[in-house]
Protein chains: 2
Amino acid sequence: MLDPIKKIFPSFSTELVKDVDANAAIQSFKAGDIIMRTGQYIKNTVLVISGKIKVYREDENGGEFFMYYLQPGQACAISMICATKNEKSQIMAKVVEDVELIMVPLPLMDKWMMQHRSWYEFVIDTYRSRFEEVLEVIDSIAFRAMDERLEFYLKRHADVCGCNELKLSHQEIASELNTSREVISRLLKKMEQRGIVALHRNNIELLK
Amino acid sequence: MLDPIKKIFPSFSTELVKDVDANAAIQSFKAGDIIMRTGQYIKNTVLVISGKIKVYREDENGGEFFMYYLQPGQACAISMICATKNEKSQIMAKVVEDVELIMVPLPLMDKWMMQHRSWYEFVIDTYRSRFEEVLEVIDSIAFRAMDERLEFYLKRHADVCGCNELKLSHQEIASELNTSREVISRLLKKMEQRGIVALHRNNIELLK
DNA sequence: GATAAACAGTGACAATTGTTACATTACTGT
DNA sequence: ACAGTAATGTAACAATTGTCACTGTTTATC
């Protein structure tokens, strides 16, 4: 287990990798699994070895607003933040591609901050990059209309999957932007007319 | 200077207070001053002794979207996050009530994390509470229409000023919610008819 | 192959929000 | 008291977004 950890988290020091290996459990989840629910107590800090996770903010009426992806080499900032205070999760996390996760027990998360400089830097960097990503999400909803938000959404998904073929239904997109399917269909049609996308069933092709 | 620091930041250990006193500069700003601009490099971690600061996210067209207040005893999470990486500010901060600030030079921010447990906990707690506040902001814009967003906005301001008399013009509110003055006037009128507020010039009275 | 279920297209209309234009009211300074 | 300015009120209309109703199309299942 040492080797893959070192490879996926290259900034970790040798001692930290050993500590991770000795103390952390590996857990696997299937696509569709929900690994964290809103209101649930967090017992571990989660590091992603492989696969993809989508992180959502939920409202009382079942709305699921997409915030960001977690990918290999990244960690769930919320699970770190809540760690020290033993707080409830403020978010929901859903597996979109089978994942392997490193579960670091909360007390260790804290202890390592003092012991391993590279863990400290990893945690701080995780905070920073998530905070910045969330600020960009605020931009998109605070300053932009739905057409631009949709483009932003599609681009982010393309970045993560590393391709131009997005396997998403209109309904799925609508839910994650908290609007209705018809609105998304309408806007996508306009984007198609502008030559930005090509529309297929369960498949949106980004043309530029 | 020791005494006020200890009083405003009660969680700080005695040694930390001494270190703060010995190394940090106190700086004052007047209402209206902008103490941090988007894109500016951050050279200090900012702690608030007295006064009030509003933190905004800006867009290219001059929009200023209000995110949260900074009050005495609090610190700017962005200035901590950017500290370690010497990054540019992602936000704009404006003084709304004359402030006194403790400016902690960036290298110390980092050094103290290892030296002072109470500093470490303060920093982590600052991250946590700001992250949570930002998530609530996302809720309000992602899930709610302008009428509810306005109520949320007014409540937050009432909480901070500790009174029911909000000295805000409609134009000011409109800018901070990124909408137009007319929309705010319209919605406030409706709220007045529902008996939630009483409207005066430059003064909105919350009735419940 | 028939049938159901999921997905997508679209027109019509409602509700909300944005914009324009102008009137009215309240404060400011002289 | 008066002019000038900032703040607010409001009507009319445009644009965007939300909702409803219904159609067709593809996919999965039996």
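None of these values were measured; they are calculated from a predicted model. The figures here come from the full heavy-atom set of this structure, side chains too, leaving out hydrogens, waters and symmetry mates. Protein chains get the first letters and strands the later ones, always in sequence-line order, with residue 1 at the start of each.
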| said: Which is more 5' along DNA chain D, the nucleotide nearest B:L168 or the one nearest A:M146? Just name the residue. | reply: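 The residue mapped nearer the 5' terminus is B:L168.
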
| request: For B:R186 and for B:H170, find the nucleotide of DNA chain D with the closest heavy atom, then tell me which residue's nucleotide is more 5'. | output: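 Closer to the 5' end of DNA chain D: B:H170.
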
| said: Determine whether a donor-acceptor pair (N or O, by modelled atom type, separation under 3.5 Å) exists between the side chain of A:R149 and the backbone of A:L177. | reply: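 Answer holds: yes.
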
| How do A:R201 and B:E182 order along DNA chain C: which one's closest nucleotide is nearer the 5' end? | A:R201

| Whichever of A:L199 and B:L187 has its nearest DNA chain C nucleotide further upstream toward 5' |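 Result: A:L199.
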
| query | Roughly how many Å is it from CG in A:N178 to C1' in D:dT17, rounded to a whole number? | reply |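 Distance check: A:N178 CG to D:dT17 C1' gives 12 Å.
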
| said: Distance check needed: D:dT8 C1' versus B:Q193 CD, whole Å only. | reply: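 In whole Å, D:dT8 C1' lies 15 Å from B:Q193 CD.
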
| query | Centre of B:Y68's six-membered ring, under 6.0 Å away, within 45 degrees of the axis: is that where NZ or CZ of B:R130 sits? | reply |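 Judged by the rule, B:R130 and B:Y68 form a cation-pi pair.
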
| Within 45 degrees of the axis of the six-membered ring of A:F12 and under 6.0 Å from its centre: does A:K6 put its NZ or CZ there? | no

| query | Is the gap between the ring centers of B:Y127 and A:Y127 under 6.0 Å? | reply |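 Yes, the ring of B:Y127 comes within the 6.0 Å limit of the ring of A:Y127, centre to centre.
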
| Step by step, would you call B:H157 with B:F152 a ring-ring contact (aromatic ring centres under 6.0 Å, His included)? | CA-CA 9 Å; B:H157 277 70; B:F152 177 69; 10.0 Å; no

| task | Check every nucleotide of DNA chain C for an atom under 4.0 Å from a heavy-atom of chain B, then give the first and the last such nucleotide from 5' to 3'. | result | C:dT17 to C:dC27

| Salt bridge present between B:E64 and B:R57 (N-O < 4.0 angstrom) |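 No salt bridge links B:E64 with B:R57.
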
| message | What contact category does A:S180 fall into here, base, sugar-phosphate, or nothing, at under 4.0 angstrom with non-hydrogen atoms? | response | base

| Can a donor-acceptor pair under 3.5 Å be found between the side-chain atoms of A:R181 and the base atoms of D:dG18? | no

